[in-house]
Amino acid sequence: MKVVTFATLLIAFQILAAPIWAENLNEKDYPVQYQVMNSSKKPCTVSLRDQAKQDVAINVSRNGACHPLDKGKIYRGRQNDKKSEIELLIPGDKGKARVEEWHLDGIVDITPRTQ
């Protein structure tokens, strides 16, 4: 009886502890700084610029609930090539951050051309 109770306690602890571990987001895991160039609520789209690659614009979109990102604001993120997404670290209330996944629609060269 005590073994079953102890095993149940261990399983319950793992289930309750998982969300706590998942919320521990580290900025080092999101090394790229993306600046919001344009943002639209309908359709939910954003144009981003990688601060290290100023000559490239990245167009991303989301389905479902959308809140426009502030133009000019810089967010930390990373590109997930397997899912064709950009993951942005969005600061939240009381210092807690969340990750938003944005579908990668396209990458555009915005280098001015001379004629």
Shared hydrophobic cluster for [X] and [Y] (ILVMFWY, side-chain gaps under 4.5 Å):
{"X": "V32", "Y": "I90", "answer": "yes"}
{"X": "W102", "Y": "I107", "answer": "yes"}
{"X": "Y75", "Y": "L89", "answer": "no"}
{"X": "V108", "Y": "L48", "answer": "no"}
{"X": "I86", "Y": "Y30", "answer": "no"}

Check: Would I58 and L104 count as a side-chain contact (heavy atoms from CB on, under 4.5 Å) if you check the C-alpha gap in whole Å, the side-chain angles of each, and the deciding distance to 0.1 Å?
Finding: CA-CA 7 Å; I58 302 166; L104 182 60; 3.3 Å; yes

Item checked: CD1-CZ distance between I74 and R49, expressed to the nearest 0.5 angstrom ->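 Rounded to the nearest 0.5 Å, the CD1-CZ separation comes to 10.5 Å.
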
Check: Looking at CG of D55 and OG1 of T111, how far apart are the two atoms once the value is rounded to the nearest 0.5 Å?
Finding: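 Reported value, rounded in 0.5 Å steps: 4.0 Å.
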
Check: Which atom names give the shortest non-hydrogen contact between Y34 and R78, and what distance separates them?
Finding: CE1-N, 3.9 Å

Item checked: Any pair counted as disulfide (SG to SG under 2.5 Å), so long as it reaches residues 38-100, sequence neighbours left out -> C44-C66

Check: After noting the C-alpha distance and the side-chain angles of K73 and Q35, does the key distance pass the side-chain contact (heavy atoms from CB on, under 4.5 Å) rule?
Finding: CA-CA 6 Å; K73 187 161 182 169; Q35 180 180 17; over 6 Å; no

Using side-chain heavy atoms (C-beta onward) and a distance below 4.5 Å, is [X] in contact with [Y]?
{"X": "Q33", "Y": "R76", "value": "yes"}
{"X": "L69", "Y": "L88", "value": "yes"}
{"X": "I110", "Y": "V56", "value": "no"}

Notebook entry, point to check: Between H103 and S61, does a side-chain contact (heavy atoms from CB on, under 4.5 Å) hold up when you go through it step by step?
Noted result: CA-CA 5 Å; H103 182 279; S61 64; 4.2 Å; yes

Margin query: Whether the side chain of N80 engages the backbone of K83 through a donor-acceptor N/O pair (distance < 3.5 Å, no angle test) should be reported.
Written below: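 Checking the backbone N and O of K83 against the side chain of N80, a donor-acceptor pair under 3.5 Å is found.
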
Checklist line | Flag if over 12 foreign heavy atoms under 6.0 Å of CG, N63 | finding: no

